[in-house]
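Everything on this sheet refers to the single structure shown next.
If you read the sequence from its start, that first residue is 1, and numbering goes on from there. Indexing begins at 1, ligand by ligand and atom by atom, following the structure's order. Worth knowing before you read on, the calculation uses all heavy atoms, side chains too, and leaves out hydrogens, waters and symmetry mates.
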Amino acid sequence: MRRPLVAGNWKMNGSKESIKALLDGIKAGMGDVKEAEVAVCVPAIYIAEVESQLTGSPIMWGAQNLSNEASGAFTGEISAAMINDFNCAYVAVGHSERRTLFGEDDAMVAKKFAAARASGLKPIFCIGETLEEREQGITNDVVARQIDAVVELEGIEALADSVVAYEPVWAIGTGKTASPEQAQEVHAFIRQRIAEKSADVAEKVQILYGGSMNAGNAAELLSMADIDGGLIGGASLKAEDFLTICRAAG
Ligand code: 13P
């Protein structure tokens, strides 16, 4: 059985003060979260602070991006080993904002995925189609291409110790959620695509949904057979909303 995972992606939000209040709120409500694994992916500059606040709690933490390079003259970049140094469990790779705003293509995403794994971090590997691609009817082709880029570099077994996040770009930060049926259809396709190479990996891999998941719509999305949790943006910035989603994943 796959355990549900609910991961917050804070994106470029927060301050020392607001982060402390948010984590205090989440920690206080974790007693009611029975089933789900819970994690927060935080701005890199706050990782040390988050580590000190979450060590000893059931909540895991992670980064939102990493360099594909291991070390050296790459001003401003952060390596997988550095992220690992702060006991991060996860790092998001290939988020659509990285792909569209920072020009990360499939090949770069695959390299980052490899760098994360080489350091023992679990990638949260983000895929998803734009509105234009959905309207053209090529959603499955797009997610297949994104998955294949990683599988070609790292092999299918690599997905066994990573997490896939299906995030339709048109649903991110727009308040427009994929319907549970729409999301389930793509999740089933993703699992099928993986199963063509390894039924065992397909059965094990957690596939999260992301895109305007909130306290009101989470239960219905999370009840779908192939939706194993959520990657939560806006709603992860409010302790009560995030906890409601974590409880719904039970
Ligand atoms: P929202 O939940 O704000 O739509 O963001 C989703 C997302 O991009 C998570 O990575």
Side-chain angles (χ1 to χ4, degrees), residues 4-14 18-19 22 26 36-44 46-47 50 59-66 83 88-102 104 109 112-113 116 121-131 133-134 139 142-143 146-147 150 162-180 182-183 186-187 190 206-222 224 227-249:
L5 167 66
V6 178
N9 172 10
W10 293 354
K11 308 193 179 183
M12 198 171 72
N13 292 295
S18 73
I19 283 170
L22 176 56
I26 298 171
E37 299 178 307
V38 176
V40 287
C41 293
V42 311
Y46 294 122
I47 292 174
V50 169
I59 305 162
M60 297 173 282
W61 58 95
Q64 300 172 3
N65 180 34
L66 78 166
I83 294 167
C88 287
Y90 295 104
V91 59
V93 173
H95 191 280
S96 74
E97 286 148 22
R98 302 292 323 165
R99 291 178 190 259
T100 57
L101 303 173
F102 300 96
E104 293 185 12
V109 171
K112 291 189 173 198
F113 181 100
L121 294 164
K122 242 187 191 194
I124 300 180
F125 168 42
C126 305
I127 58 177
E129 82 289 3
T130 63
L131 182 59
E133 289 163 338
R134 173 159 285 264
T139 296
V142 170
V143 298
Q146 292 169 329
I147 294 168
V150 159
S162 58
V163 174
V164 175
Y166 168 59
E167 300 205 301
V169 179
W170 48 272
I172 295 178
T174 57
K176 228 189 275 174
T177 321
S179 70
Q182 268 176 328
V186 184
H187 280 237
I190 293 166
Q206 290 161 312
I207 308 178
L208 313 185
Y209 170 79
S212 299
M213 193 189 271
N214 59 40
N217 62 26
E220 219 190 336
L221 283 159
L222 293 166
M224 305 309 284
I227 301 184
D228 305 316
L231 184 57
I232 320 298
S236 73
L237 300 171
K238 292 185 191 138
E240 244 345 286
D241 289 5
F242 187 61
L243 285 164
T244 300
I245 299 168
C246 294
R247 287 190 287 263

Per-residue contact class, Leu231 against ligand 1 - non-hydrogen pairs under 4.0 Å: both
query: Of the backbone atoms (N, CA, C, O) and the side-chain heavy atoms from C-beta on, which set of Ala235 has a member under 4.0 Å from an atom of ligand 1: side chain, backbone, both, or neither?
result: neither
task: Nearest 0.5 Å please: distance from the OG atom of Ser18 over to the OH atom of Tyr46.
output: 7.0 Å
message: Do the side chains of Glu37 and Lys122 get close enough for a salt bridge, i.e. N-O under 4.0 angstrom?
response: no
statement: On a heavy-atom basis, the closest approach of Ala171 and Ser212 is O-OG, 2.7 Å
field: Min N/O separation His95 to ligand 1 under 3.5 Å
entry: yes
- prompt: Is any N or O atom of Ser212, backbone or side chain, closer than 3.5 Å to an N or O atom of ligand 1?
  reply: yes
- request: State the atoms of ligand 1, each with its element, that fall below the 4.0 Å cut-off from a heavy-atom position in Lys11.
  value: 5 (O), 6 (C), 7 (C), 8 (O)
task: Heavy-atom contacts with Gly211 under 4.0 Å: which atoms of ligand 1 show up? List them by number with element.
output: 4 (O), 6 (C)
Per atom 7 (C) of ligand 1, closest listed option by heavy atom (Glu167, Gln64, Met213): Glu167
- prompt: Can you find an N/O atom of Gly234 closer than 3.5 Å to an N/O atom of ligand 1?
  reply: yes
- request: Only counting residues at least two apart or in another chain, list the ones meeting side-chain contact (heavy atoms from CB on, under 4.5 Å) with Thr139.
  value: Glu129, Arg134, Tyr166, Val186
message: Holding to side chain to side chain donor-acceptor pair (under 3.5 Å), I want the full list of residues that pass it with Thr130, two or more places apart in sequence or in another chain.
response: Glu133
query: So, is Gly233 polar-close to ligand 1, with some N/O to N/O distance under 3.5 Å?
result: yes
